[in-house]
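Before any comments, here is the structure.
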Amino acid sequence: MPYDHAKIEPRWQAFWAEHETFKAEVDLAKPKYYVLDMFPYPSGSGLHVGHPEGYTATDIVARYKRMRGFNVLHPMGWDSFGLPAERYAMKTGTHPRERTYECIDNFKRQLAMLGFSYDWSREIATTDPEYYKWTQWIFLQIWGSWYDEEQGRARPIRELPIPAEVEAEGDGAVRAYRDAHRLAYLHEAPVNWCPDLRVVLANEEVAEQVEAGHEVIRVPMRQWMLKITKYAQRLIDDLDDLDWPTSVLEMQRHWIGRSEGAEVVFELANHDEQLRVFTTRPDTLFGATYMVLAPEHPLVGQITVDAQREAVNAYVEATAHRTERDRQAAAAEGQKTGVFTGAHAINPVNDQPIPIWIADYVLMGYGTGAIMAVPGHDVRDHAFATTMGLPIVQVVAPGPEANDGAAVNVEEAAYSELGVAINSGLIDGLASDDAKAKITAWLAEQGKGEARVNYKLRDWLFSRQRYWGEPFPLVHKPLPDGGAEVASVGVDALPVELPEVDDFNPSDSGEPPLAKATAWVELPDGSRRETNTMPQWAGSCWYYLRFCDPRNADAPWSSEAENYWMPVDLYIGGAEHAVLHLLYARFWHKVLFDLGHVSTREPFQKLINQGMVLGATYVPETQAEGPKRIFVADDIEEIGEGQYVHKDTREPLTIQWDKMSKSRGNVVNPDDVIAQYGADTMRLYEMFMGPLEASAPWQPEGVNGCARFLARAYRLLFDSPKDGDDRPRELAAGEGSERQRRLLHRTIAEVSERIERMSFNTAISSLMVFVRDIEKDDERIGRDAAARFSQLLAPFAPHLAEELWRALGHSESLTYEPWPEADPALLVEDTWTLVVQVNGKKRGELEIPSSLDPKQAKDAIVEQAMASEAVARFVGDKTPKRVIYVPGRLVNVVV
RNA sequence: GCCCGGGUGGCGGAAUGGUAGACGCCGGGGACUUAAAAUCCCCUCUCUUCGGGGGUGCGGGUUCGAGUCCCGCCCCGGGCACCA
């Protein structure tokens with residue numbers, strides 16, 4: 001029987017498992033290589049063919065590096081906390097744990113069938129108490145730290161200097177001072193509360209529920225926050241040394257959003273309070289004609305005059321009920337709303353009183369939640385001023401730096417670019433940048449402001465009102481004065497395991513589900529456990545560290561293992577994690593670095609985002625009014641090349657490619673592909689589709705070509721008689737004929753170079769050429785050539801490669817065989833092709849013997865070209881103006 | 001709107017500024033076969049008066065030479081979005 005993947009693949013998978021072929025141990029004598037996949041959330045629907053694209057790529061690199069002599073760490077695990085299991089539990093009553101481990105089993109079965117070289121002895125799941133024990137431990141490190149601005153690093157909270165005046169106020173004040181400085185703190189943060197469902201919704205869930213008719217309001221709730229903002233600058237700076245895609249670097253920089261400007265203090269008329277605003281354009285201060293506070297701003301209640309109170313309250317109330325979506329839709333249309341408070345502020349540069357408004361285009365979460373409005377030079381302020389009839393003043397004119405001489409009418413539109421200051425007192429005539437510097441210095445002198453750097457990045461809202469997450473290892477301890485203190489349960493009490501409950505719904509009052517497990521919440525000493533749980537990000541923030549030492553019972557990892565394996569040399573995963581997962585993991589890593597628990601500043605040295613695998617749906621060629629109709633492969637019939645009709649209605653359809661998703665119905669299950677073609681073919685096709693980073697459609701016809709190639713490779717070494725079992729062919733020793741040797745060594749060189757630059761599709765193309773051409777001259781492949789080929793094939797199609805290797809008489813796996821080296825002497829051909837161009841157009845080519853060295857023998861080569869028929873024909877008796885010679889490539893005669 | 005990618009045959013895609021279309025799919029022709037499948041070989045951008053001409057989203061430019069570099073557009077994908 002010819003190439004039978006169903007027989008070969010399970011056999012080698014069993015062999016690898018039995019021999020623990022891929023088990024990795026710290027070995028200081030060998031260089032290490034840590035290659036990591038973003039571990040998956042084990043969803044109920046299992047893998048689709050999109051998942052294995054990245055996994056295949058890392059597996060190729062892992063196998064290649066092993067053969068290159070590296071000690072390779074290539075682990076896999078499960079990001080297994082998450083909402084779907086909890087939703088499933090509410091619906092069916094099945095405990096999330098049970099459901100989660102079912103799903104893990106299914107994922108693991110599917111991954112095992114693909115023959116990935118994971119060290120399964122290192123498998124971890126974030127839901128395992130032995131794992132989340134250490135997630136809780138890391139949280140305690142963060143909670144137990146403060147950020148020392150002077151040293152620019154986190155330090156243990158016990159090292160926080162307590163000011164004498166705080167000390168004097170007693171224990172309560174000291175405790176409050178410490179709590180305020182911790183990297184994890186409690187804060188009243190606004191959340192999306194849905195009273196109908198009694199749950200807090202993630203931002204992306206809001207639209208869905210509102211559409212379903214549920215009310216969602218922003219209400220403040222006491223939440224755990226992490227001070228990631230303290231790390232904003234380091235999170236930007238340390239991006240410089242990473243080998244990451246530019247798009248991800250850019251997205252991270254924008255997310256952190258550093259901007260330079262000034263903080264300016266405005267005194268209030270008839271009030272003792274001050275108003276602080278952040279601006280990137282202090283040079284436009286003379287053009288500030290009003291101020292705007294966010295509706296949530298704490299000063300709103302105090303400064304509003306009685307006559308305006310009713311209108312202001314109504315506006316504040318309305319804002320709380322407006323969904324993000326509403327506000328965004330209005331913003332997109334440039335609509336501005338707001339209400340005058342009746343109060344005035346004093347512009348510090350000219351002592352003019354200007355009115356204070358509230359409007360929801362000012363966000364409480366950015367800057368100080370208040371702005372000075374300069375309608376002449378800011379489009380948003382301009383739109384607002386126009387709507388409300390507020391004055392517009394021009395204080396910047398186009399100057400030599402930008403738009404010199406352009407006509408500007410700020411009544412019509414804001415001029416938001418740089419220029420020269422006008423109508424601006426002490427900075428008149430200065431270019432915008434100089435004006436900024438001068439006015440900022442002046443403000444500082446007057447005590448009315450200072451230079452300031454601001455970031456978009458907010459502190460990380462770290463608690464969730466869910467059951468299926470890590471419990472916080474904290475308790476609220478009652479104090480004699482009636483208050484409560486937050487205390488650690490102590491490292492010895494870890495893990496704090498989730499209590500068994502049968503109801504996973506939140507309580508009527510909106511308390512998290514854990515609050516109902518009273519036996520767990522209430523401790524003998526009167527303390528109450530924290531009932532929030534951690535977000536799903538928590539487990540994925542440090543799993544790459546646990547992989548270094550996954551069974552360590554005494555510590556999250558040993559410094560020996562961490563020192564040896566870290567950092568991750570290659571990290572591959574989807575672009576959807578470009579911002580949050582990577583930012584959060586980098587943040588935790590830096591805290592751990594500051595506290596001396598890890599040795600590298602950054603966790604992931606090289607990052608690659610694999611592209612999406614697209615699935616097909618079919619849509620009507622002419623889309624009628626009404627809901628969109630889409631059809632899946634089962635509904636359609638192909639009546640001609642690229643022409644499809646609905647199999648019942650005969651309506652013409654066109655094919656449409658989208659990201660694969662269960663809801664679209666365009667997923668392809670790897671189980672089916674493997675059953676038909678085998679894992680090696682599947683892996684090969686995943687890589688052959690195109691560059692790793694690019695998205696590509698899954699076209700089942702294309703899989704054939706890869707299957708054909710493997711069958712050919714199999715036939716090179718196996719004889720399949722009609723009657724009887726396959727048997728290895730008798731092969732002569734050596735690397736075959738001269739031509740075959742050259743082909744082999746060229747293939748070795750090409751495949752090596754292409755794997756190194758992760759161009760797997762072209763590496764596979766080299767292997768295909770080898771198999772196609774090796775027997776062009778009737779001679780069977782040589783034994784040694786076959787061995788080298790098996791090794792080259794091994795990273796891509798490991799099962800077949802092992803089978804071929806064994807057919808050549810080896811009894812061991814080829815996993816650790818040294819990678820073949822190309823003999824440079826055999827890469828030089830007898831002749832090389834010289835292209836002859838006339839005026840840049842190809843007119844002929846010449847075979848030049850390799851005895852004429854392309855670099856040395858320039859004159860002789862050019863002479864031959866000039867004597868060629870092509871030159872004779874296209875140059876004739878014209879005199880060449882110039883002759884360009886590109887060594888080893890071409891001669892271009894310019895006439 | 002802003003920030004990243006990308007646009008090459010019927011399709012997926014190759015191509016350090018130097019022969020555009022490697023490799024594979026689909027399609028066509030042939031060999032083998034009673035036949036089919038499988039396999040093997042050949043052809044497969046386009047026009048052509050068979051000399052050659054044209055062609056990498058569009059329009060310019062740099063260069064002896066541009067898919068590749070520069071400028072201005074168009075289209076597609078991804079991300080962000082009232083961030084002061």
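Predicted, not measured: the structure shown is a model, and the values here were computed from it. Order of the sequence lines fixes the chain letters, A, B, ..., with proteins taken first and strands second; residue numbering starts at 1 for each chain.
Sequence order on RNA chain B of the closest nucleotides to S765(A) and K456(A) puts S765(A) first from the 5' end. Residues K842(A) and F278(A) each lie close to RNA chain B; by heavy-atom proximity, the contact nearer the 5' end of the strand is made by K842(A).
If you measure from atom CE of M758(A) to atom C1' of rA14(B), you get 18 Å, rounded to the nearest angstrom. Here the C1' atom of nucleotide rG13(B) and the CD atom of E701(A) are 15 Å apart, to the nearest Å. Note: CG (L614(A)) to C1' (rG6(B)) measures 13 Å, nearest angstrom. Rounded to an integer number of Å, the gap from Y455(A) OH to rA84(B) C1' is 17 Å. Atom pair R281(A):CZ and rC82(B):C1' shows a separation of 17 Å (rounding to whole Å applied). Between W244(A) atom CH2 and rG79(B) atom C1' the separation is 16 Å, expressed in whole Å. For W357(A) and rA84(B), the CH2 to C1' distance is 18 Å, given to the nearest whole Å. Protein atom CE of M689(A) is 15 Å distant from nucleotide atom C1' of rC23(B), rounded to whole Å.
Of the candidate nucleotides rG18(B), rU19(B), rC80(B), rG18(B) has the atom lying nearest to any side-chain atom of N892(A). Closest to the side chain of V769(A), out of rA84(B), rC23(B), rG79(B), is rC23(B). Listed nucleotides: rG24(B), rC3(B), rA15(B). Nearest to the side chain of T762(A): rA15(B). Of the candidates rC64(B), rC25(B), rG78(B), rC64(B) carries the atom nearest the R882(A) side chain, counting heavy atoms from C-beta on. Counting only heavy atoms from C-beta on, R772(A) has its side chain closest to rC23(B) among rU16(B), rC64(B), rC23(B). Side-chain proximity of T246(A) to the nucleotides rC64(B), rC4(B), rU19(B) is greatest for rC4(B). Nearest to the side chain of Q699(A), among rA84(B), rU19(B), rG12(B), sits rG12(B). Comparing atom distances between the Y361(A) side chain and each of rC82(B), rU19(B), rA84(B) picks out rC82(B) as nearest. Here rC26(B) is the nucleotide among rC26(B), rG12(B), rG53(B) with the atom lying nearest to any side-chain atom of N704(A). Checked against rC82(B), rC4(B), rU19(B), the side chain of K336(A) finds its nearest nucleotide in rC82(B).
As rounded to the nearest Å, rU33(B) and rC25(B) have P atoms that lie 25 Å from one another. Annotation: rA14(B) and rG21(B) have their C1' atoms spaced 7 Å apart (nearest Å). The same atom, P, is picked in rG18(B) and in rA66(B); the two are 11 Å apart, to the nearest Å. Taking atom P in both rC23(B) and rC32(B), the straight-line distance is 27 Å, to the nearest Å. Separating the C1' atom of rC64(B) from that of rG78(B) is a span of 40 Å, rounded to the nearest Å. Comparing the P positions of rG7(B) and rG67(B) gives a spacing of 14 Å, expressed to the nearest Å. To the nearest whole angstrom, the two P atoms, one in rA36(B) and one in rG53(B), are 45 Å apart. Here, rG6(B) and rU68(B) have their P atoms 13 Å apart, quoted to the whole Å.
Counting any heavy atom pair closer than 4.0 Å across all strands shown, S695(A) reaches sugar-phosphate atoms only and no base atom. Residue-level contact check: R253(A) touches neither bases nor backbone, having no heavy atom under 4.0 Å from any strand. Counting any heavy atom pair closer than 4.0 Å across all strands shown, E693(A) reaches no nucleic acid atom. Across all strands, E845(A) comes closer than 4.0 Å to base atoms (heavy-atom distances). Nucleic acid contact for P691(A): sugar-phosphate only, since backbone atoms but no base atoms lie under 4.0 Å from a heavy atom of the residue.
With no hydrogens or angles considered, a side-chain donor-acceptor pair links Y361(A) and D381(A) at under 3.5 Å. Residues T617(A) and R664(A) bring no donor and acceptor atom of their side chains to less than 3.5 Å of each other. Donor-acceptor pairing under 3.5 Å is lacking for the side chains of T681(A) and Y3(A). Judged purely by distance below 3.5 Å, without hydrogens or angles, the side chains of T337(A) and Y315(A) pair a donor atom with an acceptor atom.
With a cut-off of 3.5 Å on both Watson-Crick or G-U wobble distances, the partner of rC50(B) is given as none. Within the shown strands, rC76(B) is the pairing partner of rG5(B) under the Watson-Crick or G-U definition, both distances less than 3.5 Å. The pairing partner recorded for rG55(B) is none, the criterion being a Watson-Crick or G-U wobble arrangement whose two distances lie under 3.5 angstrom. Of the nucleotides present, rG61(B) is the one that pairs with rC69(B) by Watson-Crick or G-U wobble criteria, both distances under 3.5 Å. For rC23(B), the paired nucleotide is rG12(B), the pair qualifying as Watson-Crick or G-U wobble because both relevant distances are below 3.5 Å.
Between N761(A) and rG12(B), a side-chain N or O to OP1/OP2 separation shorter than 4.0 Å is absent. The phosphate of rG24(B) has neither OP1 nor OP2 within less than 4.0 Å of any side-chain N or O from R708(A). The phosphate of rG52(B) has OP1 or OP2 within less than 4.0 Å of a side-chain N or O from R873(A). OP1 or OP2 of rC40(B) sits under 4.0 Å from a side-chain N or O of R712(A). An OP1 or OP2 oxygen of rC40(B) is reached within less than 4.0 angstrom by a side-chain nitrogen or oxygen of R715(A).
Classification of rG54(B) as anti follows from a glycosidic angle more than 90° from 0. In rG12(B) the O4'-C1'-N dihedral to the base is more than 90° from 0, which defines an anti nucleotide.
Each of R780(A), R715(A), R712(A) was evaluated against E775(A); a single residue qualifies, R780(A), per the side-chain hydrogen bond (donor to acceptor under 3.5 Å, both in side chains) test.
Around atom NZ of K841(A), no more than 12 heavy atoms belonging to other residues, nucleotides or ligands sit under 6.0 Å away.
No donor-acceptor pair closer than 3.5 Å links the side chain of R258(A) to the backbone N or O of A232(A). Not one N or O on the side chain of T440(A) forms a donor-acceptor pair closer than 3.5 Å with the backbone of A451(A).
No close placement of the Y685(A) and Y677(A) rings is indicated, their centers lying 6.0 Å or farther apart.
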